[in-house]
Structures are given as structure tokens and as C-alpha cells.
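Excluded from the calculations below are hydrogen atoms, water molecules and symmetry mates; all remaining heavy atoms, backbone and side chain alike, are included.
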Amino acid sequence: MYKIFLSPMAGISSFPFRMLNRKFGCRFCFVEMINCRSLSYSSRKTLEMMRTSKEDKPLGVQILGSDKEYILRSLEKLQDYKMDMLDFNAACPHKKITKRGEGAALLKTPRVLSKLLKLIVANSNCPVTAKIRIGWNSFSYAKDIALYAQDAGISALFVHGRTREQGYSGKVDYETIRMLKKSLDIPLIASGDIFNAALAKKMLDETGCDAITVARGALGNPWIFREIEEFLK
């Protein structure tokens, strides 16, 4: 498994952005988050977001949705792209997403999330993962969410160490990520505030996670991937 991933970031993880980060040490990138409904209709903007090349490998795609019909249609479209990983977003905290019952809203209904993941696993031509937060709020049962996701047959779980209620503020909960890692039989990839090599090592050491993802830490700093690798060595 790769140790460091470039997270899918809406409006940021374009083809040029990915290639710049690859040039400075990033090995595995994600296309920015793709809306299943838009991909189903072959939206021009969405197809541009999917632009890639032979050099843009290995590459993963993250999809967003809650409607089974659009999810299945988007999976058909994705078969032409031969992705190395398919991630399902159950973590996006933005209101325009959650009010549609998508993204982090699925954290409130772990069984629904599990059913959607089973559908995706059964119809995907590449390994399936899921991205979650540690809960909708501080009263959420993070372990239940993670175990329902695992039971759906996914290959790994991406976990952001904040609740949806926190958004991107407050502290990352290393303890909860560590608890989830101990509870799962599949790899756990952790994220949250990885802005430099020291914080990357802190996440790995304090949670025992199998790998990490870099998101905002790569903005204006494509060298971060090489710096983390050298620091860990």
C-alpha cells in the first residue's frame, strides 16, 4: 500500500495540479470529488474534471451521491477510465451537500451507507474505499460507522479526524482514529491537519494508521510529499 495520498479536493485537484504534485514526489493522486448525477449526464465540466493521461498514474476517483440509479450510471461511465481506486465520499461537511442527504449526512445512517457501499463494491471494476469523518457530531458512534462500512466489503477506509459539526476547525481527534484502527481488519488511511512532515509522523505514531492523506498541506507546497518521505526515513 502507498504511504501517502493526495486527497481529492473540490475545485483544486485538477489534472495540472496533480501533475505538479507528482513532479515533486506525490505517488498516488485522486481526481477531485465527482458528483454521480453530473457524471451520469456527461456534464462538460465533470468530464473536464476527469481529464488525465498515461503519466497521471496511479490515480483514484472519489464519487459523491446517495441515489442508487445515478451511482450505477456513474460506475458504468467510470469503466472507461480504468481507475486504480474508487472512493465513496461520506465525509464532505458542506451544507449544500449534506442537505441532499449526501457526503457527511450519511454518517447519521450507517446502515444506509453500508448498503450503498455494497452496491458500489458489487459493480466496480477496481478496489473500493470509503471516506468518512469520525461522526456527524460528538454524540456519534464512530466505531459503528466504520464497522458498517467495513462489512460492505470495502478494501480500505479513509478517516478524517473531525466530526461534520467541526468542519475544518478545532483539533484532530487522534485518539478516536486510533480506536478505529484497532477495531478494523482493513487498512485505515488517516487525514487532518497534515501540513508538514512532523505532523505526518505525529498522525502515524499516535493513531497507528496504515497511511495518510495530504490535502490543504499541499496547497502552494508540492514538496511536502518528498519532505514527508525523507523525514520518515
Side-chain angles (χ1 to χ4, degrees), residues 2-35 49 56 58-64 85 87-98 102-105 107 129-137 142 156-178 180-181 188-207 209-232:
Y2 292 90
K3 201 72 174 178
I4 313 168
F5 295 80
L6 174 63
S7 288
M9 291 180 279
I12 296 173
S13 303
S14 62
F15 174 59
F17 182 79
R18 297 194 303 272
M19 294 308 293
L20 176 64
N21 281 274
R22 288 186 188 280
K23 181 178 179 180
F24 290 97
C26 180
R27 302 179 190 277
F28 197 111
C29 297
F30 272 94
V31 175
E32 59 185 294
M33 186 175 69
I34 300 294
N35 184 289
M49 290 161 64
D56 191 22
L59 182 64
V61 61
Q62 184 186 81
I63 59 173
L64 173 80
M85 187 182 293
D87 187 56
F88 183 69
N89 186 296
C92 182
H94 297 296
K95 287 184 179 180
K96 69 176 183 179
I97 300 296
T98 58
E102 300 173 348
L107 299 174
T129 61
K131 172 71 177 291
I132 67 170
R133 284 173 170 254
I134 57 173
W136 177 260
N137 54 35
L157 186 67
F158 289 84
V159 179
H160 182 91
R162 292 185 175 90
T163 63
R164 184 270 172 186
E165 192 174 68
Q166 283 179 283
Y168 294 100
S169 63
K171 295 182 179 180
V172 171
D173 189 342
Y174 296 98
E175 184 178 344
T176 295
I177 297 176
R178 184 176 183 83
L180 294 179
K181 168 58 187 172
L188 184 151
I189 302 102
S191 67
D193 288 359
I194 299 177
F195 295 117
N196 55 51
L199 287 170
K201 189 174 189 302
K202 177 181 174 70
M203 178 68 81
L204 289 162
D205 289 349
E206 295 199 14
T207 69
C209 64
D210 299 282
I212 56 173
T213 64
V214 175
R216 293 174 293 163
L219 299 180
N221 183 22
W223 304 276
I224 189 171
F225 298 95
R226 192 168 293 163
E227 289 172 352
I228 291 173
E229 286 192 356
E230 291 300 320
F231 191 81
L232 293 178

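The backbone N or O of Ala130 sits less than 3.5 Å from a side-chain atom of Asp87, completing a donor-acceptor pair. Judged purely by atom type and a 3.5 angstrom limit, Asn89 uses its side chain to pair as donor or acceptor with the backbone of Cys92. Panel note: side chain Arg164, backbone Trp136; no donor-acceptor pair is recorded below 3.5 Å. A donor-acceptor contact shorter than 3.5 Å is absent between the side chain of Thr98 and the backbone of Gly103. With hydrogens and angles disregarded, no donor-acceptor distance shorter than 3.5 Å links the side chain of Arg162 to the backbone of Asp173.
Ring geometry for Phe5 versus Tyr2: interplanar angle over 60°, hence perpendicular rather than tilted (30 to 60°). Relative ring orientation between His94 and Tyr168 is described as tilted, the plane-to-plane angle lying within the 30° to 60° band.
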Can you check side-chain contact (heavy atoms from CB on, under 4.5 Å) on Glu206 and Arg178, steps first, answer last?
CA-CA 7 Å; Glu206 295 199 14; Arg178 184 176 183 83; 5.9 Å; no
Evaluate the side-chain contact (heavy atoms from CB on, under 4.5 Å) criterion for residues Leu6 and Phe17: first the C-alpha distance (whole Å), next the side-chain angles of each, then the deciding distance (0.1 Å), finally the verdict.
CA-CA 10 Å; Leu6 174 63; Phe17 182 79; 3.9 Å; yes
For Met19 and Asp56: C-alpha separation, side-chain torsions, deciding distance, then whether side-chain contact (heavy atoms from CB on, under 4.5 Å) applies.
CA-CA 7 Å; Met19 294 308 293; Asp56 191 22; 3.8 Å; yes
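The heavy-atom pair separating Thr213 from Ser191 by the smallest distance is OG1-CB, 2.8 Å. For Ala104 against Pro93, the heavy-atom pair with the smallest separation is CB-CA, 4.3 Å. Here the closest non-hydrogen pair linking Gly192 and His160 is CA-CE1, 3.7 Å. Considering every non-hydrogen atom in both Leu199 and Ile194, the closest pair reads CB-CA, 4.4 Å. Here the closest non-hydrogen pair linking Ile132 and Ala91 is C-CB, 3.8 Å. A pairwise comparison of heavy atoms in Cys26 and Phe28 identifies SG-O, 3.5 Å as the closest pair.
Exactly one residue among Ile212, Leu204, Ile189 makes a side-chain contact (heavy atoms from CB on, under 4.5 Å) with Lys3. That residue is Leu204.
In this structure, the separation between CG on Asn35 and CD1 on Ile63 is 10.0 Å, given to the nearest 0.5 Å. Expressed to the nearest 0.5 Å, how far CD1 of Ile97 lies from CE of Met33 amounts to 4.5 Å. Rounding to the nearest 0.5 Å gives a distance of 8.0 Å between CZ of Arg133 and CD of Gln166. Glu32 contributes atom CD, which lies 13.5 Å from atom CZ of Phe15 (distance to the nearest 0.5 angstrom). To the nearest 0.5 Å, the span separating CG on Asp193 from CE on Met203 amounts to 7.5 Å. Lys201 contributes atom NZ, which lies 12.5 Å from atom CD1 of Ile228 (distance to the nearest 0.5 angstrom).
A cation-pi contact, defined as under 6.0 Å to the ring centre and within 45° of the axis, is absent between Arg18 and Phe225.
Taking the charged nitrogens against the carboxylate oxygens, Asp210 and Lys181 do have a contact shorter than 4.0 Å, which makes a salt bridge.
Atom CD of Glu175 sits in a sparse spot, with 12 or fewer heavy atoms from other residues, nucleotides or ligands closer than 6.0 Å. The local environment of CZ in Arg216 is crowded, with over 12 non-hydrogen atoms from other residues, nucleotides or ligands closer than 6.0 Å.
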